[in-house]
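The structure displayed is predicted, hence computed values, not measured ones. In each ligand, atom 1 is the first atom listed, and ligand 1 is the first ligand listed.
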Amino acid sequence: MRTQNPLPNLTFEPMGSCDLQEVLKIENECFENPWSETYYTLSLKRPRSYEHFYVARHENTIVGYIVFSILHEEAHILNLAVPIVYRRQGIAKYLLTSALKMIQAQDGHEVFLEVAVSNLPAQYLYRQFGFRICGIRKNYYGRYKDAYVFRKGVEIHVV
Ligand SMILES: CC(C)(COP(=O)(O)OP(=O)(O)OC[C@H]1O[C@@H](n2cnc3c(N)ncnc32)[C@H](O)[C@@H]1OP(=O)(O)O)[C@@H](O)C(=O)NCCC(=O)NCCS
């Protein structure tokens, strides 16, 4: 099944402390090993200059988020999630496109990310954007749960 028409009027905004409960709900829904409330709270309270937390909002509802870092011309996509009810509407593409534009604007030269070997939807998404496998991390998500390392150069491939 291909993505439906993209959801209209999406906005890409910095995540704020007031978004925390909505984000945690999505985080817990999407991941077997979710990031903790403490981690989000501290990151939002004392932001690091190289870390970026952004949400996609649709009519006052958070419909996805992305976390990435840019340090010494190297960027990492650290987290990306879309709630189940909003999937296949182009929200992840929108989040990734928006993040890649910021990375390019801040002189990021290459982008890396880890994705579980078993997570085919995410791998298809990243491949569409030109990411390719450059390594494997054994037991990255737990015992026998390996991750691929994906990489792409910064020329932006907007889909
Ligand atoms: C992966 C995820 C972020 C995709 O979000 P989404 O908003 O549904 O994705 P989009 O609608 O923007 O789809 C973009 C592309 O992703 C791929 N894709 C997404 N879901 C897919 C699925 N269920 N099966 C196959 N491909 C899929 C497709 O290539 C799709 O493009 P296409 O529709 O033109 O074929 C979402 O499924 C999710 O939150 N999963 C759980 C968390 C997660 O795995 N995060 C990534 C960690 S590395």
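- Within ligand 1, counting atoms from 1 as listed, the ones closer than 4.0 Å to a heavy atom of Ala92 are 3 (C), 4 (C), 5 (O), 6 (P), 7 (O), 9 (O), 12 (O).
- If you chain together hydrophobic residues whose side chains sit under 4.5 Å apart, Leu80 and Phe112 never meet in one group.
- Sorted by first and then second residue, the salt bridge (Lys or Arg N to Asp or Glu O under 4.0 Å) pairs involving residues 26-45 (not counting sequence neighbours) are Glu32-Lys145.
- With a 4.0 Å heavy-atom cut-off, ligand 1 is reached by the side chain of Phe31 but not by its N, CA, C or O.
- Between the Tyr144 side chain and the Lys138 main chain, no donor and acceptor come within less than 3.5 Å of each other.
- Between Ala81 and ligand 1, no pair of N/O atoms sits closer than 3.5 Å.
- Heavy-atom proximity to atom 38 (C) of ligand 1, evaluated over Arg87, Lys93, Glu27, is greatest for Arg87.
- In this structure, the ring of Phe131 has its center no less than 6.0 angstrom from the ring center of Phe150.
- The closest side-chain heavy-atom distance from Tyr40 to Trp35 is below 4.5 Å.
- Looking at ligand 1, you'll find an N or O of Gly90 within less than 3.5 Å of one of its N or O atoms.
- Side-chain atoms of Lys152 come within 3.5 Å of backbone N or O of Phe129 as a donor-acceptor pair.
- With atom 27 (C) of ligand 1 as the reference point, the heavy atom nearest to it among Arg88, Glu114, Glu32 is part of Arg88.
- Not one N or O on the side chain of Gln104 forms a donor-acceptor pair closer than 3.5 Å with the backbone of Ala99.
- When heavy-atom distances to ligand 1 are checked against a 4.0 Å cut-off, Asn79 has no atom that comes that close, whether in backbone or side chain.
- No N or O atom of Cys30 sits closer than 3.5 Å to an N or O atom of ligand 1.
- Looking at Phe150, Tyr124, Tyr126, Tyr141, it is Tyr124 that brings a heavy atom closest to atom 25 (C) of ligand 1.
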